[in-house]
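Working notes, structure below.
From a predicted model like this one, the values you see are computed outputs, not experimental measurements.
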Amino acid sequence: QVQLAESGGGSVQTGGSLRLSCTASGAFDNGHCMGWFRQAPGKEREGVALSDSDGHIKYADSVKGRFTVSKDRAKKTLHLQMDSLSPEDTATYYCAADPSTYDCYSGFLRGYGLDYWGAGILVTVSS
């Protein structure tokens, strides 16, 4: 089993920044992808950013140029730097991981399907 723990959420005003972190433990190794997903009230969960086991990164169009993912492989931690936040970014953000590259990318497009998920962390952006 893999455990994922998110941290860094909170409230910020429009235009502000937040940094989320996700630390993996248990059976996690660097052959797993890690990614960030989010679910806004009344909406389906969507992929935000994905870092695969080779270090390739994929972003949702809605966050390109504003969000940046970085991975500390030694600490098994994935960071999400979120800049120029807007109220549309308000959501519960989830960290996810999976050992299968195929499941990582297909899950990113669908918003579900990865094997391991964190509990989620709330990000609120006020206008």
May I ask you to test the [X]-[Y] pair for a side-chain heavy-atom distance under 4.5 Å?
| X | Y | answer |
| --- | --- | --- |
| P99 | D115 | yes |
| T23 | L4 | no |
| L114 | C33 | yes |
| S53 | N30 | no |
| F28 | Y116 | no |

Shortest non-hydrogen contact from [X] to [Y]?
| X | Y | value |
| --- | --- | --- |
| S17 | S84 | OG-N, 4.4 Å |
| P87 | S126 | CG-C, 4.5 Å |
| G113 | D98 | O-OD2, 4.0 Å |

In Å and rounded to the nearest 0.5 Å, what is the [atom1] to [atom2] distance from [X] to [Y]?
| X | Y | atom1 | atom2 | result |
| --- | --- | --- | --- | --- |
| T77 | D72 | OG1 | CG | 6.0 Å |
| K71 | K76 | NZ | NZ | 11.5 Å |
| K58 | S51 | NZ | OG | 13.5 Å |
| R110 | E44 | CZ | CD | 12.0 Å |
| L80 | W36 | CG | CH2 | 6.5 Å |
| D83 | L85 | CG | CG | 7.0 Å |

Does one hydrophobic cluster hold both [X] and [Y], with members joined at side-chain heavy-atom distances below 4.5 Å?
| X | Y | result |
| --- | --- | --- |
| M34 | F108 | no |
| F37 | V63 | no |
| I57 | F67 | yes |
| I121 | V12 | yes |
| Y112 | Y93 | no |

Without swapping roles, check the side chain of [X] against the backbone of [Y] for a donor-acceptor pair under 3.5 Å.
| X | Y | value |
| --- | --- | --- |
| E6 | G120 | yes |
| R45 | Q39 | no |
| D52 | D54 | yes |

**Prompt:** How about Q13: does its CD atom have over 12 heavy atoms from other parts shown lying under 6.0 Å from it?
**Reply:** no
**Request:** Would you sort out whether T14 and V125 count as a side chain to side chain contact (heavy atoms under 4.5 Å, CB included), showing the intermediate values?
**Result:** CA-CA 6 Å; T14 296; V125 185; 4.1 Å; yes
**Request:** Go through R38 and D89 one step at a time and tell me if the salt bridge (Lys or Arg N to Asp or Glu O under 4.0 Å) criterion holds.
**Result:** CA-CA 9 Å; R38 68 185 180 185; D89 297 311; 2.9 Å; yes
**Request:** Please determine, by modelled atom types, if H79 and S70 share a side-chain donor-acceptor pair under 3.5 angstrom.
**Result:** no
**Request:** Say whether T124 and T90, considering side chains only, have a donor N or O and an acceptor N or O under 3.5 Å apart.
**Result:** no
**Asked** Y94: what forms a ring-ring contact (aromatic ring centres under 6.0 Å, His included) with it, not counting sequence neighbours?
**Response** none
